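Every value quoted in this text rests on a predicted model; they were computed, and no experiment measured them. Side chains are part of it too, since the values below use all heavy atoms of this structure and drop only hydrogens, waters and symmetry mates.
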Amino acid sequence: MILDTDYRNIISEIKQACTNLMNAERKASNAGDVRASLEPGSSRARVTTANARWAQYAEYRDLCENKLRDLMRAYLKGGEG
């Protein structure tokens, strides 16, 4: 059985994970916009940098999403029993 303090800790972690996910989604979206706005004929360095930044932010976004999913499962599973 999960105690009230455990629920508060999980809820606090869920709130932080939501904030992290929102920030990560914004950064990934912005990086995607920069990547998409590159003009044809942009230098290879600009394209590579834009792709790398987008990939980095997208990976972080996915990690944040997985963390939030895991926390939600832990919260819901704790309510059983």
### Query
Can you name the nearest heavy-atom pair linking Arg46 to Leu38, along with the distance?
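Here Arg46 and Leu38 meet closest at O-CD1, 3.9 Å.
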#### Entry: Non-hydrogen side-chain atoms of Lys67 and Cys64 separated by less than 4.5 Å
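Contact flag for Lys67/Cys64 side chains = no.
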### Pairwise side-chain contact, Cys18 with Ile14, heavy-atom cut-off 4.5 Å (strictly under)
yes
Nearest-0.5 Å distance, [atom1] of residue [X] to [atom2] of residue [Y]:
X     : Y     : atom1 : atom2 : result
Asn30 : Arg53 : CG    : CZ    : 12.5 Å
Gln56 : Lys27 : CD    : NZ    : 9.0 Å
Asp62 : Glu25 : CG    : CD    : 9.5 Å

### Message
Strictly below 4.0 Å, N to O, side chains only: are Arg61 and Glu65 in salt-bridge contact?
### Response
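Looking at Arg61 and Glu65, the cut-off is not met.
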#### Entry: Main-chain N/O of Ala45 paired to Thr49 side chain as donor or acceptor, under 3.5 Å
yes
### Message
Tell me whether Ser37 contacts the main-chain N or O of Val34 through its side chain, where contact means a donor paired with an acceptor under 3.5 Å.
### Response
yes
### Message
Taking atom CZ as the centre, does Arg69 end up with more than 12 heavy-atom neighbours from other residues, nucleotides or ligands that are less than 6.0 angstrom away?
### Response
yes
Would a hydrophobic clustering, with Ile, Leu, Val, Met, Phe, Trp and Tyr connected at side-chain separations under 4.5 Å, put [X] with [Y]?
X     : Y     : result
Trp54 : Tyr60 : no
Leu21 : Ile10 : yes
Leu71 : Ile11 : yes

### Task
Evaluate side-chain hydrogen bond (donor to acceptor under 3.5 Å, both in side chains) for Gln16 paired with Asn20, printing each intermediate quantity in order.
CA-CA 6 Å; Gln16 184 61 50; Asn20 291 345; 2.9 Å; yes
### Message
For a side-chain contact (heavy atoms from CB on, under 4.5 Å) check, start with the C-alpha distance between Val47 and Arg44, then their side-chain angles and the critical distance, and finish with the verdict.
### Response
CA-CA 5 Å; Val47 172; Arg44 184 181 302 175; 5.8 Å; no
